[in-house]
Visitor: 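Can you read through this structure? Questions will come right after.
Computed from heavy atoms alone, side chains included, the values below leave out hydrogens, waters and symmetry copies.
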Amino acid sequence: MTLLGLAWYWWLVIVIALAVLIPVKLKFMRWWGKRQREKKKEQQEKWGDEE
């Protein structure tokens, strides 16, 4: 059985890969956003209220 030219086990591999990669990407994006906010806050504290 094939769907779009791929055997069923390749679809299983793709589904498993997505099930693992999507949560990892979300966790990374949250971590990256938090890191950027901390860097921005640190930069503002470093220079005070000169802006």
Visitor: State plainly whether one hydrophobic cluster holds both Leu18 and Leu12, where clusters connect Ile, Leu, Val, Met, Phe, Trp and Tyr through side-chain heavy atoms under 4.5 angstrom apart.
Guide: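 Yes.
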Visitor: Shared ILVMFWY cluster between Phe28 and Leu26, side chains joined below 4.5 angstrom?
Guide: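 The answer is no; the residues belong to distinct hydrophobic clusters.
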Visitor: Verify the cluster assignment for Val24 and Trp32: are they in a single hydrophobic cluster under the rule of side-chain heavy atoms below 4.5 Å apart?
Guide: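 No, Val24 does not connect to Trp32 through the hydrophobic network.
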Visitor: Kindly compute the distance separating CD (Gln36) from CH2 (Trp31), expressed to the nearest 0.5 Å.
Guide: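 Interatomic distance, Gln36 CD to Trp31 CH2, rounded to 0.5 Å: 8.5 Å.
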Visitor: Would you say Met29 ends up clustered with Ile22 if hydrophobic residues are merged whenever their side chains have heavy atoms under 4.5 Å apart, either directly or through other cluster members?
Guide: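 Ile22 and Met29: separate clusters.
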Visitor: Quick one: does Lys34's side chain get under 4.5 Å of Glu38's, heavy atoms only?
Guide: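 Side-chain contact under 4.5 Å: yes.
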Visitor: Same cluster for Tyr9 and Trp11 if Ile/Leu/Val/Met/Phe/Trp/Tyr side chains link at under 4.5 Å?
Guide: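 Yes.
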Visitor: So, taking the atom named CD1 in Ile16 and the one named CG in Leu21, what distance separates them when rounded to the nearest 0.5 Å?
Guide: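 It is 11.5 Å, given to the nearest 0.5 Å.
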